[in-house]
Every structure is written in structure tokens, then in C-alpha cells.
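Inspection log for the structure reproduced underneath, given as C-alpha cells.
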Amino acid sequence: MEKINRRKFLTLVGVGSGAVAGGAMLSGVGLLGGLSGDKSSGTFSFRAVSGLPGGALPSYASYVVQGNVDVAARSGVVARAVYAGYPGAMSTIALPGLSQVVRVTDVREAEGAVDITGVIDDRSQLRPGEDAVVQVRVDRSRGAAWTRFLGQPVELRLHT
Amino acid sequence: MADHLDEPGLSPPGGDPSIDITDVYAFKKGNKNKSILMLNVNPLTLSSSFNHRALYQLAVDTNGDARADIAFNITFSRPHSEQRVVVRRATGDDARENEVEGRRIISGRTNTVVSRDGFKLFAGRRSDPFFFDLLGFLAGFAFTGSDFFADKNVFGIALEVPNEALGQNPNVGVWGRTLLPEEDEHDDDHDDDHDDDHDDDLRQVERMGRPAINTVFMKGARKREFNRGKPHNDRAEFTGDVVTVLKSFGHSDAEAAGLAAILLPDILTYNYESGAGFLNGRNLTDDVIDIELGIVSKGAVTTDGVAAHTDLLGVFPFMGPPHT
């Protein structure tokens, strides 16, 4: 059986150059898992996961949103991807066409949460009709994050 | 996601998508006294070859007890340029063993159609015939009519069989299984003798009858338990899981129990004298998702807006050529 290395795997899943870049970005931003930060520098990292679909149906896949954000500079990178497998048994198989890299354009602190605004510069990563502007709210006190998946609001659990 | 990527632990490098079943089909071949059985694996063709240590099996129940009475056992050689594929037909107790049993009925090379004694065989890369708006499903039934699988490939195993090879009773049940050696399942230190690669005790790692049963009804770790299960135990072991999901869509206790008794055991029921299609067997063009959406959602959702693929062939192996 031919072994599949990470780069070949990302290519094989057919996510295209944008998603391959997304995969590289996921490891490149040095995300620490959960929500961690450096108050002296004003940066923090987060990783949040939600099962898809939500609601009554058993989750089939995992929606992962993770980022590295500089609050003071109002910049950073957020990556979003969907992996086969429910949270807790998530695979490394990224579903093709669902990996996105978001360039952070604004960061605001409000009511104990952090509101992140960004834009998907690589339009090939957008689904038909999908807005390039992305909003993510991260609330450490509630252990949750919120964003949208294909236009539908999704609540994700912050992982610590 | 008829059954695509439903098994936790299939991710490379430790796991092996080539033994992940995507779909099972059973349908009558035109006006002939023949049937087509298909076992598709390797979603998104994440693996480059069939697993030479695995047993791929199409099981057939001929008497309604949800136990295999006939098994078509399919094995592959180590991958070189093409793999050698052998199909054996086992009956009786041999059909229920987790071993490579049975009389050899046909063999050939991957990606080539071969014929012998009324049987035909194809195993290789094909266009995935499954159609579904997967992203709409993930977004909570927000369907847009976008077919996620339209440009995807799988490894298809198609077997044309004379109906008498399915037993005398035309009402049969069909399901697929994949099995791996219990130990050293990813050990490559084996010689190149094709048959010797299958001498180890095997354990079932995947199974599927009807589409989306595991995907839709089994939650968390139950997915793996379901994949390890046997159809004759399904009603005892998994009715509760099915009922729970059905009730969440507004079905009453009685309705949910009644539907669960139809959906389980997870066997594709098939009368080989009928070309009626799903729920009688399953044709490549049957919109199984629309049928199941209506059942599960109690009529609230009746379609994902996606139709059958147009690249299907009119001749064996019927699945379209692979996308490049």
C-alpha cells in the first residue's frame, strides 16, 4: 500500500491549491489549541470545533476554526476546514472545497468576547453565493465561538 | 456519504480508506437472468490501490435470517502496475466465516473487464455514482442542489452474476463487508504470494447494506460498533439509535419503531426477478437520498435537489469512467 504523506494527501483530497495552502497555513500559524494568549503582546490563538450537521442528527464531520490573532494590531489569520469524522474521532481527511484561509482585518473586544472580522482573499475558496467577509466571535468565558458555515450560524466549542 | 468516510480511524497513515465502503448496489441486468452486484470503496480515492491484505465481501442472505448463505469473497494482490483480483464464491457456513473461503469463480486484473462462465468482473477506479448535496446536509438540510460527488472517484467492484448463483429463492438480501487481519493489519512485511497474504484471521472493520444507515442514525462511537456488527443482531443492538433520531424529527414512538423495523437489519433487500429499484435492490440512478430524506424527516424534507449522474454507462461495469 502506498504511503500518503501530508502534502500528497492534501493534493489527493482534491481541495485545490487554495486548500493545500490552507492546510499549510493550519500548521504554519502555530496554533496552540484552545484559547491561549500573550497579554504582553496582545496576541491570542484559538481552536474551536463543532460537529456537522448539528441538531438532532448524529454528526458526520467536524468543522474546525482556528486562528492566531493580534488584538492590538487588529490582524492575524483564521483558518476554517471540515474534516471527516465527528468531534472526538475526527480524521485528518479534509473534505474537498471546504478549506478556507481568512485574513483578519479587524479585531474588537466587547462584552468579554473578541469579535474578529476577516476576508477570504482567495475567491476560489468561496462557495457559490458565499460572502468573502467572515465574522468570528470568540468568548473564552463561555468556552465557545461562533461563525457561519455555508451561511448557517454555527456554535463551536473552544478546545483547551 | 451513503457510507463514505463513516469509520473513525480510517485516516492515513494509520487507517486505510481503501477498505472504507462507500456504497452497495444490487440490480437486475435488463431482461437477462443476471444481476449486478457492486461494492464501492475508497471515498475520494484517497488510497492508490486496493488493500492486498483485506477481504472485500458481498454477502447474500437467501432465507431471510439476516445471515450470509452465499458470499462473494474478493481479494487483491500486492499493488504493482495493476493488481490481480480473485473472486471466490462461498456457501453455507463458509459464507459466514471471516476467512477467504470458497471456490474461485473468476479472476483478472484491476481496471479490466473479464468474463468467465456467465460471470463478469471489474475492479478499479471509476466515477463515484453516488449523488448527494453533502454540503447542504452538513449545513443542516440547507440544500442548494449542488452535487458534492459529481467530480469524485471511487474504487468500484462490479460483479455480474447469473441469478442461480444467488440461490433459488429470488428474494435475497445483500450487504458488503470489508475485513482486515486482526493483527499487523498494516504490516507490509509479507511476501508477494497472493494467497498467503490472506492466511491470517480476519476481523470485520466495515459493513453496509442500505445507504446512509450508519451515517444518519449512529452517533459517536456507535458508528464503529455498527460497522463491527452483524445484520442478524441489528434489531436487538441498534433499534434504539434509529428510534431516537426518528423521534427527533417528530415521529411517534410507534412510527419510529415501525420504521426502524424496516431500516434494520441493514441489508439491501432484493428480488432478482424484479427491476423495480430501491427499496428493491438499488440501481445506480435510484435517488435513495430523496427517499430516505422523506422517511427520516416525516415528509418535511423531500429532496436535496440533486439528480443521478449522467456519466453512467449502458454496459458493464455501468459506472462512469474516472474523472481526471
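Letters A, B, ... mirror the listed sequences (proteins, then strands); counts begin at 1.
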Side chain, backbone, both or neither of R127(A) within contact of chain B (heavy atoms, under 4.5 Å) = side chain
request  = To the nearest 0.5 angstrom, please state how far the CG atom of L98(A) sits from the CG atom of L134(B).
outcome  = 7.5 Å
remark   = Nearest heavy-atom approach of P58(A) to V216(B) is CD-O, 2.9 Å
ask   = For R142(A), does the CZ atom have more than 12 heavy-atom neighbours from other residues, nucleotides or ligands under 6.0 Å away?
value = no
key: Side chains of P96(A) and K152(B) in contact at under 4.5 Å (non-hydrogen atoms)   = yes
request  = Compare all side-chain heavy atoms of F249(B) with those of L57(A) and state whether any distance is below 4.5 angstrom.
outcome  = yes
remark   = Okay, S146(B) and chain A: the region with an atom under 4.5 Å from a heavy atom over there is side chain
query = Which bit of F141(B) is near chain A, if near means a heavy-atom gap under 4.5 Å: side chain, backbone, both or neither?
reply = side chain
ask   = For A221(B), does its backbone N or O pair with a side-chain atom of Y86(A) as donor and acceptor, under 3.5 Å?
value = yes
task = Please flag which part of V82(A) lies under 4.5 Å from any non-hydrogen atom of chain B: side chain, backbone, both or neither.
result = side chain
Other residues, nucleotides, ligands: >12 heavy atoms within 6.0 Å of R222(B) CZ = yes
query = So do the side chains of L95(A) and L138(B) get within less than 4.5 Å of each other, counting heavy atoms only?
reply = yes
ask   = Within a radius of less than 6.0 Å around NZ of K219(B), do more than 12 heavy atoms belonging to other residues, nucleotides or ligands occur?
value = no
inquiry  = Using heavy-atom distances under 4.5 Å, tell me whether K247(B) contacts chain A through its side chain, its backbone, both, or neither.
reply    = neither
ask   = Quick one: what part of A142(B) sits under 4.5 Å from any heavy atom of chain A, side chain, backbone, both or neither?
value = side chain
note = Smallest heavy-atom separation, P53(A) atom then F137(B) atom, equals CB-O, 3.3 Å
